[in-house]
Amino acid sequence: MNKKINTMYFSATGTTKKIVCGIASKLLDNTNETLTVNTIDFTLPSARDKSVAFTEDDVIIVGVPVYAGRVPNVLLKYLNSAKGNGALAVAVVVYGNRNYDDALIELRDILELNDFKIIGAAAFIGEHSFSKILAKDRPDEKDINILKDFANKIYTKIITEDKFESVDVNGNNPYKKYYMPENKEGIPVDIRKVTPKTNSNCINCKLCVSICPMGSIDNNDVSKLNGICIKCGACIKKCPTNAKYYDDKDYLRHKEELEIDYAYRKEPELFL
Ligand SMILES: Cc1cc2nc3c(=O)[nH]c(=O)nc-3n(C[C@H](O)[C@H](O)[C@H](O)COP(=O)(O)O)c2cc1C
Ligand code: SF4
Ligand code: SF4
C-alpha cells in the first residue's frame, strides 16, 4: 500500500485512542513495510492551536468520543480547520454504551466537507466517561478482534479500489439536538455547569492540570477552575488518589440511570 498512515484523535479517558491506534496498527501490519504511524493527538488545547493538512498520499483514522449524541462541540473549530486535500479517511466514534445517535454521520460530513474521502466508518464502545461500571474496561478483547477485522477490510478496500464514493452510516441529517438527561419528573436538566470537586486526598501532584483537555484546572489551586469543564472524566479517572469527584444531584442521578438502563452489552457497528 502506497499510503502514509496517520491517526488523529481526541481521547480524554483513553478509549478512543485505543480504538484509533488499534486500527492504524493493524493497517500497518498489513503493509509489510517498515513505516511508522504519524500520530496527531488533539486532546490537549495546545495541540488544537495548530491546524493540520494532508495529501492524497495519506490515510487517516480520525476518532472522537460521542458527547450528548454528537461530535463534541468544543472540537468543531479544530476539526473544521483540518484540510484533507483528497486524503483517505476512516471516521470513528466511540460511545459509552448508551447511543451514538448522529455523531458518526456528523463526523463523516465534517470530514467530507473538508475534502477527505471516506473509505470506512465505525462506532465502537468505550467505558463511559461518567462511570467506572458502564461498559467497564471496553474496548475489550472482543472489540479488539472486531477492530482488527475492520482494519483488514479497510486495507483490502484501499489496495483493490481506486475510486471512493461516500460510505453510508447510521444517523440522520439534520442532526438531533444535543442529548440532555432528564430529572425524575422527566424534565430535561442542564448539567453543563456541573464541575468536579477536590477532596483532602489531593497530594497536589498537578497531573489533573496537565491532562485537562480544556486547560481549565488552576495550577496554583487545583480545586479551582479557570475555564469550562466538559465533564470528560480525565481528572476524575486519572487522579492517583481519587481526589476528584462530583456531588451534583442531577449529574449523579443521570449517571446511575445510565448504569441501570444500559447495563446490557452493545456491539461495534462497521460501515464500509
Ligand atoms: C459530556 C459527555 C457526554 C457523553 N455523551 C454520551 C452519549 O450521548 N452516548 C454515549 O453512549 N456515551 C456518551 N458519553 C461517553 C463517551 O462517549 C465514552 O465514554 C467514550 O468512550 C469516551 O471516550 P474517551 O475515553 O476517548 O474520552 C459521554 C461522555 C461525556 C464526557
Ligand atoms: S491529580 Fe489528583 S492528587 Fe494530583 S493534583 Fe489533581 S486532584 Fe490532586
Ligand atoms: S476539569 Fe472537567 S474538562 Fe477538565 S479534566 Fe476534569 S472533567 Fe475534564
Side-chain angles (χ1 to χ4, degrees), residues 9-21 41-45 63-75 92-104 106-107 123-140 143 175-181 190-246 248 251 254-255 258-259 261-262 266 268-269:
Y9 57 84
F10 174 95
S11 189
T13 62
T15 62
T16 308
K17 176 179 176 176
K18 265 191 206 149
I19 299 288
V20 167
C21 295
D41 176 350
F42 59 95
T43 310
L44 293 178
V64 297
V66 175
Y67 283 5
R70 300 279 300 274
V71 171
N73 58 1
V74 290
L75 303 180
V92 178
V93 296
V94 181
Y95 71 104
N97 209 56
R98 184 191 68 77
N99 206 311
Y100 61 94
D101 295 317
D102 292 332
L104 188 58
E106 186 181 12
L107 180 62
F124 277 87
I125 295 93
E127 181 173 297
H128 201 294
S129 324
F130 295 174
S131 170
K132 287 183 178 153
I133 58 171
L134 180 53
K136 184 173 169 51
D137 294 334
R138 293 189 72 184
D140 58 15
D143 295 311
Y175 314 127
K176 271 191 202 147
K177 288 207 174 102
Y178 292 98
Y179 170 83
M180 268 178 104
D190 189 349
I191 57 167
R192 276 176 298 183
K193 292 262 153 62
V194 174
T195 54
K197 301 278 161 54
T198 311
N199 68 27
S200 59
N201 290 346
C202 175
I203 52 169
N204 210 17
C205 69
K206 314 281 188 202
L207 178 71
C208 53
V209 177
S210 63
I211 59 171
C212 174
M214 294 296 107
S216 293
I217 302 178
D218 190 293
N219 192 45
N220 295 320
D221 176 359
V222 299
S223 67
K224 228 177 101 191
L225 288 190
N226 294 324
I228 64 161
C229 170
I230 54 170
K231 281 147 292 292
C232 71
C235 64
I236 306 270
K237 291 197 179 192
K238 292 184 180 173
C239 170
T241 60
N242 289 320
K244 294 274 185 191
Y245 67 99
Y246 294 105
D248 180 87
Y251 173 89
H254 173 54
K255 168 181 110 74
L258 288 171
E259 288 170 346
D261 291 354
Y262 299 98
K266 296 200 174 187
E269 289 172 52

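We count residues from 1, following the sequence as given. Indexing begins at 1, ligand by ligand and atom by atom, following the structure's order.
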Can you check whether [Y]'s main-chain N or O pairs, donor with acceptor, with [X]'s side chain at less than 3.5 Å?
X	Y	value
K231	F130	no
D218	N226	no
E127	D137	yes
K244	K238	no

Taking non-hydrogen atoms only, is [X] closer than 4.0 angstrom to ligand 1 via side chain, backbone, both or neither?
X	answer
S129	both
Y100	neither
N97	backbone

Residue K244 vicinity, atoms of ligand 2 by number, heavy atom under 4.0 Å: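 Heavy-atom distances to K244 below 4.0 Å select 7 (S).
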
Subset of ligand 3 atoms that lie under 4.0 Å from at least one heavy atom of Y246: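 Those qualifying, in numeric order: 7 (S).
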
Ligand-side contact atoms (ligand 1) for residue partner [X], heavy atom cut-off under 4.0 Å:
X	value
V94	17 (O), 20 (C), 21 (O)
E127	18 (C), 19 (O), 21 (O)
G69	7 (C), 8 (O)
C232	31 (C)

Checking a contact table here: which protein heavy atom is nearest [atom], and how many Å away?
atom	answer
atom 24 (P) of ligand 1	T15 OG1, 3.2 Å
atom 1 (C) of ligand 1	I230 O, 3.4 Å
atom 18 (C) of ligand 1	G96 N, 3.6 Å
atom 5 (N) of ligand 1	A68 N, 2.8 Å

Within less than 2.8 Å of atom 2 (Fe) of ligand 3: protein N, O or S atom count: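 Considering protein N, O and S only, atom 2 (Fe) of ligand 3 has 1 within range.
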
N242 vs N201, side-chain hydrogen bond (donor to acceptor under 3.5 Å, both in side chains): CA-CA, chis, key distance, verdict: CA-CA 7 Å; N242 289 320; N201 290 346; over 6 Å; no

Nitrogen or oxygen atoms of [X] and ligand 1 under 3.5 Å apart:
X	value
K231	no
G14	yes
N99	yes
T16	yes
T13	yes
Y179	no

Proximity of F130 to ligand 3 by residue part, where a heavy atom lies under 4.0 Å: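 Looking at F130 and ligand 3, no heavy atom falls under 4.0 Å.
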
Proximity flag G233 to ligand 1, non-hydrogen atoms under 4.0 Å: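 No, that is not the case, since the closest heavy atom of the residue is not under 4.0 Å from the ligand.
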
Under-2.8 Å protein N/O/S neighbours of atom 4 (Fe) of ligand 2, ordered by chain then residue number: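 Protein N/O/S atoms under 2.8 Å of atom 4 (Fe) of ligand 2: C205 SG.
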
For a quick test of your reading: what N or O donor-acceptor pairs under 3.5 Å do the side chains of residues 202-215 make, sequence neighbours left out?
unit_1, atom_1, unit_2, atom_2, d
N204, OD1, K206, NZ, 3.1
K206, NZ, N219, O, 2.6
S210, OG, L207, O, 2.8

Which atom pairs, donor and acceptor, lie under 3.5 Å between side-chain atoms of residues 12-21 and protein residues at least two apart or in another chain?
none

Parallel, tilted or perpendicular, as decided by the 30° and 60° cut-offs, for the rings of Y179 and H254: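 Judged by the thresholds at 30° and 60°, the geometry between H254 and Y179 is tilted.
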
Identity of the nearest option to atom 14 (N) of ligand 1, non-hydrogen atoms only, from I19, L134, V64, V66: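 Result: the heavy atom closest to atom 14 (N) of ligand 1 is in V66.
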
